[in-house]
Amino acid sequence: MHRRDAINRVALLVGGAFSLPTLTAMQRWDNPPISQSASFQLSEIQRKLVAEVAEMIIPKTDTPGAKEAGVPAFIEMMLNDCYEQPEHQSFREGVDALVKANFLTQTLEQRTATLLQLQTDTNEQMKAYNVRQSKMGDNEDRELMNSQKQGLPYWRLMKELTLLGYFTSEAGIMGSYEYVPVPGKFEVIKWKPNQKPYAY
């Protein structure tokens, strides 16, 4: 299965759980624009932080973690290729805030507490984001709308891109599902203990 096909399948399966900017980014991945005006690139310390946060979201257990699945590079690629400037800015601001909070030198317990607080803060940010976006949708001045457009909060972007990157990677699919490239006949089967769900 090619990654582009996997992204389309993930969009169909969990589309309701993704934000509008991420769903739009998936469409751009499937139909890339001819020209890309905005560019996004992380510094080395920002890349290291993104990798550590992604691994906190999907850690390595008996299945590969986010790092092993190539999620950090996927996140940067998607932001550069498929998202617009508001999300670039909000993602950078979120990463820089964690760098400033010395996330990379924190203990596991401290990192967990930091991300839990970030989740709480993001819940409030999403309320304001949704209200602002709906008001902007009523505004007929498109130029003003674009200049004031607010990016999706960092933590929401980070979680969505981590999940999208992991479950469209070979390591993520093979680690989480029993991949069957050529499915057999449709029939009722008895589910075995700890059996992985099938992916076709």
Next item on the list: Find the distance between CD1 (Ile57) and CD (Glu160) and round it off to the nearest 0.5 Å.
Entry: 10.5 Å
Next item on the list: Check each of Arg92, Glu87, Glu93 against Gln89 using the side chain to side chain donor-acceptor pair (under 3.5 Å) test, and report the only one that passes.
Entry: Glu93
Checklist line | Glu68/Lys60 salt bridge by N-O under 4.0 Å criterion | finding: yes
Item checked: Atom pair NZ (Lys159) and CD1 (Ile58), whose distance is rounded to the nearest 0.5 Å -> 12.0 Å
Next item on the list: Locate the shortest heavy-atom distance separating Thr162 from Ala66; write the atom from each residue and the value.
Entry: CG2-CB, 4.5 Å
Next item on the list: Please check if any side-chain donor atom of Gln119 sits under 3.5 Å from a side-chain acceptor atom of Asn123, or the reverse.
Entry: yes
Notebook entry, point to check: Does the side chain of Val53 come within less than 4.5 Å of Tyr154's, by heavy atoms?
Noted result: yes
Notebook entry, point to check: Parallel under 30°, tilted from 30 to 60°, perpendicular over 60°: which one fits the rings of Phe91 and Phe40?
Noted result: perpendicular
Note to self: Do Met77 and Asn80 have side chains that approach each other closer than 4.5 Å (heavy atoms only, starting at C-beta)?
What the structure shows: no
Check: Given side chains that start at C-beta, do those of Val50 and Glu76 come closer than 4.5 Å, heavy atoms only?
Finding: no
Item checked: Met158 CE to Thr122 OG1 distance, which is reported to the nearest 0.5 Å -> 12.0 Å
Next item on the list: Rounded to the nearest 0.5 Å, what's the gap from NE2 on His88 to CG on Leu157? Could you check?
Entry: 9.5 Å
Next item on the list: Applying side chain to side chain contact (heavy atoms under 4.5 Å, CB included) between Trp155 and each of Leu98, Asp121, Leu115, report the one that passes.
Entry: Leu115
Notebook entry, point to check: Do Arg47 and Glu52 come close enough that some side-chain heavy atom pair is under 4.5 Å?
Noted result: no
Next item on the list: Report yes if some heavy atom in the side chain of Tyr83 is under 4.5 Å from a heavy atom in the side chain of Leu161; otherwise report no.
Entry: yes
Notebook entry, point to check: Just wondering, are more than 12 heavy atoms of other shown residues or ligands nearer than 6.0 Å to NZ in Lys48?
Noted result: no
Notebook entry, point to check: Just wondering, do Arg111 and Leu104 contact through their side chains at under 4.5 Å, heavy atoms?
Noted result: yes
Margin query: Looking at every heavy atom in both Pro153 and Met126, which two are closest together, and how far apart are they?
Written below: CD-SD, 3.5 Å
Checklist line | Listed partners of Ser43 passing side chain to side chain contact (heavy atoms under 4.5 Å, CB included), at least two apart | finding: Ile45, Gln46
Checklist line | Minimum heavy-atom distance between Leu152 and Ser90, given as atom pair plus value | finding: O-OG, 2.7 Å
Next item on the list: Establish whether Leu49 and Leu108 are linked, either directly or via other cluster members, by ILVMFWY side-chain heavy-atom contacts under 4.5 Å.
Entry: yes
Margin query: Rounded at 0.5 Å granularity, tell me how far CG in Leu42 sits from CD1 in Ile75.
Written below: 9.0 Å
